[in-house]
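First the structure, in the form of structure tokens, and then the observations on it.
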Amino acid sequence: MVVLRRASPPQQSTLRTLGRFIDILSPASSAMQRSQVYLVQSHDNATGSMTLKHDTAVLNVANIDRKANLARIKTVLIKMTHALDGIYMEQGFKVIVHLLGGLGMAGDGSGRAGSTTHTGELFTGAGTETHAGLYVVDGAVVPRSLGANPFATITALAERSVEAVALRLGCTVDLDSRADFERTWERHCDVMPTRLSFFETLTGDIYVSGTRSQMALN
């Protein structure tokens, strides 16, 4: 959402309003210097899904938003824009920056109500048995939208899981020194960690001058 602040007193003219929209497209325009971007965080329907298709994970979040929430937010933003003597505009697309869930923690301690325990252990099925040594310690365990930046929540849950695992294995977590991880682990615990590496790729489409191109960032 963008707010354009008028340089001159407002006048209710369709031609003037149209001129303000065209003003944005001009490289010599100062419209961007008089623009304000709104960033809003809200709750969604938690109806997104991830399926496996030809050995590739396919994410579907087409109907994830709550239309009633969006309507209330839009009403507030329009009021704010008018108070700034601006013109309210919508960008026309939604951006999801913090995907949560997928392996949510169960509320009853079994695989019937979730995928992991409260400490991130992955259930083998609908019962209480878990995969030994397999823990989920990222945003996937969060069972619902938070309506706020999830960074602190994800970090707290991850640290809590690490403490629980260390206690269960009879290990101590060195929080005071910056010693080499493998040497510290060998000194305090008989169980060596499994080596695991992962890579994240951001893919999508970008439009430049009406031309659509695919992009991928590693």
Side-chain angles (χ1 to χ4, degrees), residues 40-73 94-176 181-182 184-204:
V40 179
Q41 298 186 22
S42 181
H43 292 286
D44 56 45
N45 284 329
T47 56
S49 64
M50 182 178 290
T51 57
L52 192 62
K53 185 176 182 180
H54 304 303
D55 292 330
T56 300
V58 179
L59 180 65
N60 181 11
V61 292
N63 299 310
I64 198 172
D65 57 358
R66 288 183 178 177
K67 298 187 183 302
N69 276 10
L70 294 180
R72 285 194 296 270
I73 292 170
K94 303 179 185 68
V95 177
I96 301 175
V97 292
H98 298 293
L99 286 174
L100 300 174
L103 292 171
M105 62 177 67
D108 64 353
S110 74
R112 291 187 298 272
S115 300
T116 62
T117 67
H118 64 95
T119 56
E121 297 173 274
L122 186 65
F123 290 117
T124 59
T128 59
E129 184 181 357
T130 60
H131 291 281
L134 182 56
Y135 295 83
V136 182
V137 290
D138 64 0
V141 302
V142 181
R144 55 159 296 163
S145 64
L146 300 175
N149 189 301
F151 172 77
T153 302
I154 295 173
T155 302
L157 289 173
E159 290 183 352
R160 181 175 180 271
S161 294
V162 170
E163 290 178 356
V165 174
L167 181 63
R168 187 170 303 169
L169 296 178
C171 303
T172 57
V173 180
D174 184 359
L175 300 177
D176 300 321
F181 171 75
E182 290 188 359
T184 302
W185 187 283
E186 290 176 353
R187 186 167 62 250
H188 292 282
C189 185
D190 295 331
V191 182
M192 283 301 296
T194 301
R195 294 183 179 274
L196 178 65
S197 300
F198 73 93
F199 301 91
E200 184 176 3
T201 302
L202 177 65
T203 61

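The chain is numbered in sequence order, starting from 1. All heavy atoms count here, side chains included; hydrogens, waters and symmetry mates do not.
No more than 12 heavy atoms of other residues, nucleotides or ligands shown are found within 6.0 angstrom of CD on Glu129.
When Thr130, Val141, Thr117, Leu103 are each tested for a side-chain contact (heavy atoms from CB on, under 4.5 Å) with Leu122, only one passes: Leu103.
Between Pro150 and Val142, every side-chain heavy-atom pair lies at or beyond the 4.5 Å cut-off.
Between atom OH of residue Tyr135 and atom OG1 of residue Thr116 there is a gap of 11.5 Å, rounded to the nearest 0.5 Å. Expressed to the nearest 0.5 Å, how far CG of Leu134 lies from CD of Glu121 amounts to 9.5 Å. Put simply, CG on Leu146 and OG1 on Thr153 are 5.0 Å apart, with the number rounded to the nearest 0.5 Å.
Ser161 places a side-chain N or O within 3.5 Å of a backbone atom of Thr119 that can act as its donor or acceptor partner. A donor-acceptor pair is defined here as one N or O able to donate and one able to accept, closer than 3.5 Å; such a pair exists between the side chain of Arg160 and the backbone of His118.
Taking Asp138 as the reference, Val136, Ala140 meet the side chain to side chain contact (heavy atoms under 4.5 Å, CB included) condition, with sequence neighbours excluded. Every residue two or more places apart in sequence or in another chain that forms a side chain to side chain contact (heavy atoms under 4.5 Å, CB included) with Asp108 is listed here: Ala106, Ser110, Arg112, Ala113.
Of all heavy-atom pairs spanning Asn69 and Ser42, the tightest one is ND2-OG, 3.2 Å.
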